[in-house]
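Below is one structure, written out as structure tokens; comments come after it.
Every value quoted in this text rests on a predicted model; they were computed, and no experiment measured them. Below, chain A is the first sequence line, B the second, and so on; all start at residue 1.
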2 protein chains.
Amino acid sequence: MTSTDHPRRTRIQQEKRELILEAALEVFSTNGFRGSTIDQIAEAAGMSKPNLLYYFRRKEDIHETLMQRLLDTWLAPLRELDDIGDPLTELRSYIRRKLEMARDFPRESRLFANEILQGAPRIMPLLAGELKTLVDEKAAVIRGWMRAGKIARTDPWHLIFSIWATTQHYADFDVQVRAVLGPNRGGDGRFEDAARFLEQLFLDGLKPKT
Amino acid sequence: MTSTDHPRRTRIQQEKRELILEAALEVFSTNGFRGSTIDQIAEAAGMSKPNLLYYFRRKEDIHETLMQRLLDTWLAPLRELDDIGDPLTELRSYIRRKLEMARDFPRESRLFANEILQGAPRIMPLLAGELKTLVDEKAAVIRGWMRAGKIARTDPWHLIFSIWATTQHYADFDVQVRAVLGPNRGGDGRFEDAARFLEQLFLDGLKPKT
DNA sequence: CTAACGTTTGTCCAATCGGTCAAAAATTTG
DNA sequence: CAAATTTTTGACCGATTGGACAAACGTTAG
């Protein structure tokens with residue numbers, strides 16, 4: 001075994017497949033699945049359409065591979081949410097990590113958003129399975145913190161939703177955010193502003209009444 | 001003049017155009033612009049494709065009409081945000097109104113989200129113009145409340161973003177929300193749960209330190 | 001009735017779609 | 001080197017796309 005991946009592949013196949021997936025991420029994330037064409041992806045990857053189809057038989061195969069890889073990376077921050085540390089610190093760093101992902105991987109966020117928006121036809125089983133299991137597990141952790149009086153009592157699931165929504169907003173709605181903030185405040189500093197705001201919003205809202 | 005609209009139109013034209021727009025809202029909001037076909041819209045509207053094209057010359061015309069109408073309705077809650085009442089009450093009812101729109105007009109929300117996700121190619125001028133103006137105006141109102149000590153000091157723009165994000169999340173990511181909450185908690189009551197959670201999150205976070 | 005007008009449809013078109021295939025080109029292997 | 005294998009490409013296919021168009025149909029006014 002030369003690699004960690006399933007099928008036996010040459011070095012060229014590894015590289016070209018990676019090239020295609022990178023191009024497909026760009027195209028799919030801005031046009032959605034049905035709105036993207038193989039030609040677009042092929043051109044973005046710098047190869048001919050039949051050549052691309054030599055590495056991925058069908059358009060759906062590219063999208064599927066992309067989504068599988070995505071979900072792992074995407075849920076990593078939530079997996080790290082741990083029962084060990086201080087609850088407020090844990091939540092604060094979860095929010096920070098999630099916001100950093102929105103900043104550093106906006107295309108992945110938009111790819112995911114596109115899929116969900118259109119009814120998640122290709123990843124629904126993952127949502128109801130793997131994702132629900134993970135969220136339920138972490139919701140139980142958060143509930144434990146509430147029972148221990150470490151954070152204010154509220155709905156853990158909706159708390160997680162609100163963290164997802166507020167952080168991913170800066171990736172998915174980036175165009176709108178920049179348009180509204182204008183050239184000055186919409187520059188590179190907007191993520192630091194967002195981080196400061198979100199920290200205040202969530203922490204002061206979650207702080208137990210003493 | 002028989003109507004309030006621009007061009008002179010017969011009664012049948014008014015009705016059929018409305019029928020088409022309703023069908024197009026359904027199709028565009030779930031497939032995006034490029035992912036939707038005229039045939040799909042025509043079938044959903046119960047008419048033939050050439051017949052549909054008799055009322056709207058181009059596919060883009062339907063989308064454009066839809067977006068123009070949408071923006072007014074969509075920004076209505078924010079326009080109502082007023083300097084008159086009690087600041088915390090004003091913000092709380094803004095959040096409630098926005099959440100009600102996510103519940104009652106999810107297709108409109110998804111249509112808008114689709115457009116923004118794909119870089120807002122068709123409504124960018126509106127974002128940088130009308131929308132920015134309105135948000136800046138309301139941000140000034142909120143800033144006034146902060147200066148008066150009525151609510152905690154924070155970034156008004158990002159506060160508005162966070163309200164948009166958290167409320168629209170229940171329309172745009174509805175599939176995911178229901179999948180994660182499961183059959184019991186994901187039923188009709190999920191919006192009331194969300195309303196309770198959001199009220200707690202925002203109000204306790206915005207309450208001035210006394 | 002008929003003429004005028006508004007509405008609907010069947011047919012057609014060029015462009016584009018996802019995908020195939022055989023052959024050429026490049027690379028690896030002996 | 002030559003043979004075997006992998007990679008790349010041009011040409012092509014049927015299906016679907018957005019849209020055009022003239023003919024047919026329905027309705028109403030005189």
With D61(B) as reference, evaluate H63(B), R58(B), K59(B) under the side chain to side chain donor-acceptor pair (under 3.5 Å) test and give the passing residue. R58(B)

Between N31(A) (CG) and dT16(C) (P), how many Å, whole number? 16 Å

Of all the heavy-atom pairs spanning A194(A) and Y170(A), show the shortest one and how long it is. CB-CZ, 3.4 Å

Is the phosphate of dT8(D) approached by Y54(A) (side-chain N or O, under 4.0 Å from OP1 or OP2)? no

Using a 4.0 Å heavy-atom cut-off across all strands, classify Y55(B) as base, sugar-phosphate, or nothing. sugar-phosphate

Respond yes when some side-chain nitrogen or oxygen of N51(B) is under 4.0 Å from OP1 or OP2 of dT7(C), and no when none is. no

Can you tell me how far P of dT20(C) sits from CG of D61(A), to the nearest Å? 11 Å

Which pair of heavy atoms, one from Q168(B) and one from A102(B), lies closest together, and at what distance? CA-CB, 4.5 Å

Short side-chain N/O contact from Q13(A) to OP1 or OP2 of dT7(D), under 4.0 Å: yes

Send over the distance from R17(B) CZ to dT8(C) P, rounded to a whole Å. 14 Å

Rounding to 10 degrees, work out the angle separating the end axes of the helix from dC1(C)-dG30(D) to dG30(C)-dC1(D) (five pairs an end). 0°

Listed by chain and number, what are the side chain to side chain donor-acceptor pair (under 3.5 Å) partners of Y55(A), not counting sequence neighbours? none

Which whole-number value in Å describes the distance from M47(B) CE to dG10(C) C1'? 17 Å

Got a sec, which pairs hit salt bridge (charged side-chain N to carboxylate O under 4.0 Å, His left out) with one end in residues 162-176 of chain B, sequence neighbours left out? D174(B)-R178(B), D174(B)-R190(B)

Using a strict 4.0 Å threshold on nitrogen-to-oxygen distance, state whether E18(B) and R69(B) make a salt bridge. yes

Under 3.5 Å donor-acceptor pairs involving side-chain atoms of residues 132-140 of chain B, not counting sequence neighbours:
from	atom 1	to	atom 2	distance (Å)
K132(B)	NZ	V180(A)	O	3.2
K132(B)	NZ	D136(B)	OD2	2.9
T133(B)	OG1	G129(B)	O	2.8
D136(B)	OD1	W157(B)	NE1	2.9
K138(B)	NZ	R79(B)	O	3.1
K138(B)	NZ	L81(B)	O	2.7

Distance check: side-chain N/O of S48(A) vs OP1/OP2 of dT8(D), anything under 4.0 Å? no

Using whole Å, what does the distance between atom P of nucleotide dT7(D) and atom NZ of K16(A) come to? 9 Å

Whole-Å distance separating the CD atom of Q14(A) from the C1' atom of dT27(C): 17 Å

Should the pair R122(B)-E64(B) be classified as a salt bridge under the 4.0 Å nitrogen-to-oxygen rule? no

Quickly work out the I41(B) CD1 to dT17(D) P distance and round it to whole Å. 11 Å

List, with names and distances, any nitrogen or oxygen atoms from the protein found under 3.5 Å away from nitrogen or oxygen atoms belonging to nucleotides 18-25 of chain D.
from	atom 1	to	atom 2	distance (Å)
dG18(D)	OP1	S36(B)	O	3.1
dG18(D)	OP1	I38(B)	N	3.4
dG18(D)	OP1	K59(B)	NZ	3.2
dG18(D)	OP2	I38(B)	N	3.0
dG18(D)	N7	K49(B)	NZ	3.2
dG19(D)	OP2	K59(B)	N	2.8
dG19(D)	O6	K49(B)	NZ	3.3

According to salt bridge (charged side-chain N to carboxylate O under 4.0 Å, His left out), does anything in residues 22-31 of chain A pair up with another residue at least two apart or in another chain? List the pairs. E22(A)-R107(A), E26(A)-R107(A)

